[in-house]
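To find a chain, count down the sequence lines: A is the first, B the second, and so on, and within it residues start at 1.
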Number of protein chains: 2
Amino acid sequence: MSRQEEMEARLVEENYKITQPRRIILKTLLELQEKHFTAEEVYSRLRQEGAGVGLATVYRTLEVLCKIGILNSLNLDEESRCYELEDVDDHHHHLICLGCGEIKEFSDEMIKDFMKHIEDEYNYKVTDHLLKYYGYCSKCRQAGEGNEGGEEEISPK
Amino acid sequence: MSRQEEMEARLVEENYKITQPRRIILKTLLELQEKHFTAEEVYSRLRQEGAGVGLATVYRTLEVLCKIGILNSLNLDEESRCYELEDVDDHHHHLICLGCGEIKEFSDEMIKDFMKHIEDEYNYKVTDHLLKYYGYCSKCRQAGEGNEGGEEEISPK
DNA sequence: TTAGTAGCGAAATTTATTATCAGTAGGAGG
DNA sequence: CCTCCTACTGATAATAAATTTCGCTACTAA
């Protein structure tokens, strides 16, 4: 079963219909080079390909895909919501360079212990978590300390 | 030196002027009951008190206060930006209940070790970080699993 | 084949935030 | 205590992301 077929099976499983626009959007998501993307990015990609899929439908579909766990929704920057394909075996977090905007990922094995501790202390059932580190990558640290001649600065948090 | 005076001193230190609107906003922030607040919340509080401070000024002032470290800017929910007064001795993160929206805080001592590890592995200089846990508090876990009769659900991430 | 409904695209709307701009006032220097 | 410069201000317009609306379409179960 292909990745696309798996996803469509998930939709059916959750009582959503397999429609042409949804098929096209799934296909596009699988083809995207970028690991992280916004609704607008998906939409403009679809326009390029001449698919007659509306922006509202993109938003609606991405929302559905999040609900059924095919996508994760992230807040990587303040401006607009990002999405990424969910990979069950690859829980990770983000390391964001304030100089050049580069985003690295790291796994979160160690964080899980801390989560257990939090669950006990506060009597919560934790279902999700988000960890982001902001800093400066090796390149940006060398390149002259003051962001001179560099790209836009990015604001943390 | 009062808290307000300290803050005004910070403004001067950073070459910002002490203006009437800024004084009023600082006073209001110190009086707020809520630990977390949005620009709109500050603004409506000011209106209630009859202070003739414009919305744009509130946004501008909160931005300035973030820049000089008097406030932290948080992304507790997707809709609008939250702020909190910075407390140097109390670094913490947030535990957010998806059922009722309750927000608890916990300190981040343990997270610091993990940060060191990340800095070494990726050759980053980490300057800031953000950790949020989403889950269900003890109350919401009892109250019938399906959010029946409860308030609005909140979306994670 | 048909009926009912989930889903659709286009456009309008909402909401948070930022930019604009003419006027004001803080405060350094006289 | 004045004066002047300019950072700052309030009102409002503009922007942009996301959501809602609405009449129409096309799945799918009978």
Side-chain angles (χ1 to χ4, degrees), chain A residues 7-26 28 36-47 49-68 71 73-83 152-155 157, chain B residues 7-26 28 36-47 49-68 71 73-83 152-155 157:
Chain A
M7 288 174 169
E8 293 180 9
R10 276 291 295 144
L11 280 169
V12 172
E13 204 174 317
E14 299 281 346
N15 296 314
Y16 291 102
K17 292 183 177 168
I18 309 299
T19 64
Q20 211 50 35
R22 282 179 182 162
R23 248 198 264 268
I24 294 170
I25 291 172
L26 284 177
T28 302
H36 306 111
F37 47 86
T38 65
E40 294 283 347
E41 279 160 14
V42 174
Y43 177 62
S44 74
R45 169 81 180 242
L46 289 168
R47 301 207 68 174
E49 293 174 354
V53 176
L55 178 57
T57 299
V58 173
Y59 273 105
R60 279 187 290 235
T61 303
L62 295 184
E63 191 189 338
V64 166
L65 296 179
C66 282
K67 275 192 188 161
I68 68 177
L71 290 183
S73 148
L74 314 166
N75 256 15
L76 290 179
D77 60 41
E78 229 81 305
E79 280 95 66
S80 55
R81 193 174 306 164
C82 281
Y83 299 86
E152 255 337 61
E153 283 246 349
I154 291 168
S155 72
K157 292 193 206 150
Chain B
M7 290 174 167
E8 293 180 8
R10 278 289 298 143
L11 280 169
V12 172
E13 204 175 320
E14 300 280 348
N15 296 314
Y16 291 103
K17 292 184 177 170
I18 309 298
T19 64
Q20 212 48 36
R22 283 179 182 162
R23 248 198 264 267
I24 294 171
I25 290 172
L26 284 177
T28 301
H36 307 111
F37 46 85
T38 65
E40 292 283 348
E41 279 161 12
V42 174
Y43 177 63
S44 74
R45 170 81 181 240
L46 288 168
R47 299 208 71 174
E49 294 174 353
V53 177
L55 178 59
T57 299
V58 173
Y59 273 103
R60 280 186 293 234
T61 303
L62 295 184
E63 191 189 340
V64 166
L65 296 179
C66 282
K67 275 192 187 159
I68 68 177
L71 290 184
S73 149
L74 314 166
N75 255 16
L76 292 179
D77 61 42
E78 229 82 307
E79 280 96 66
S80 55
R81 193 173 304 163
C82 279
Y83 299 86
E152 255 336 63
E153 282 247 351
I154 292 168
S155 73
K157 292 193 206 151

To the nearest angstrom, how far is [X] atom [atom1] from [N] atom [atom2]?
X	N	atom1	atom2	result
B/Glu14	D/dC8	CD	P	12 Å
A/Leu11	C/dA6	CG	C1'	13 Å
B/Lys67	D/dC8	NZ	C1'	14 Å
A/Arg81	D/dT19	CZ	C1'	10 Å
B/Tyr43	C/dA16	OH	P	14 Å
A/Glu40	D/dA18	CD	P	7 Å
B/Leu74	C/dA16	CG	P	17 Å
B/Ile24	C/dG26	CD1	P	11 Å

Margin query: For the CZ atom on B/Arg10, are there more than 12 heavy atoms of other groups (residues, nucleotides or ligands in this structure) within a distance under 6.0 Å?
Written below: yes
Margin query: So for atom CZ, which belongs to B/Arg23, do other residues, nucleotides or ligands contribute more than 12 heavy atoms lying within a distance under 6.0 Å?
Written below: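 Yes, the 6.0 Å shell around CZ holds more than 12 heavy atoms from other groups.
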Look at the side chain of [X] and decide which nucleotide, out of [options], has an atom nearest to it.
X	options	result
A/Pro21	C/dC8, C/dG27, C/dT18	C/dC8
A/Arg60	C/dC8, C/dT17, D/dT6	C/dC8
B/Arg22	D/dT9, C/dT17, D/dA18	D/dT9
B/Thr19	D/dA18, C/dG26, C/dA11	C/dG26
A/Lys17	D/dC8, C/dT17, D/dC27	D/dC27
B/Ser80	D/dA11, D/dC8, C/dT17	C/dT17

Notebook entry, point to check: Please walk me through it: do A/Glu41 and A/Arg45 pass salt bridge (charged side-chain N to carboxylate O under 4.0 Å, His left out)?
Noted result: CA-CA 6 Å; A/Glu41 279 160 14; A/Arg45 169 81 180 242; over 6 Å; no
Item checked: 5′-ward residue of the pair B/Ala56/B/Arg23 relative to DNA chain C -> B/Ala56
Notebook entry, point to check: A/Gln20 near the nucleic acid: base, sugar-phosphate alone, or nothing, with a heavy-atom cut-off under 4.0 Å?
Noted result: nothing
Notebook entry, point to check: Using a cut-off of 4.0 Å on non-hydrogen atoms, how would the nucleic acid contact of A/Leu55 be classed: base, sugar-phosphate, or nothing?
Noted result: nothing
Margin query: Quick test of your reading of the model: are B/Arg60 and B/Glu63 salt-bridged, counting only N-O distances below 4.0 Å?
Written below: no
Notebook entry, point to check: Would you say B/Arg22's side chain and B/Lys17's backbone share a donor-acceptor pair under 3.5 angstrom?
Noted result: yes
Item checked: Any A/Tyr59 side-chain nitrogen or oxygen under 4.0 Å from OP1 or OP2 of D/dT19 -> no
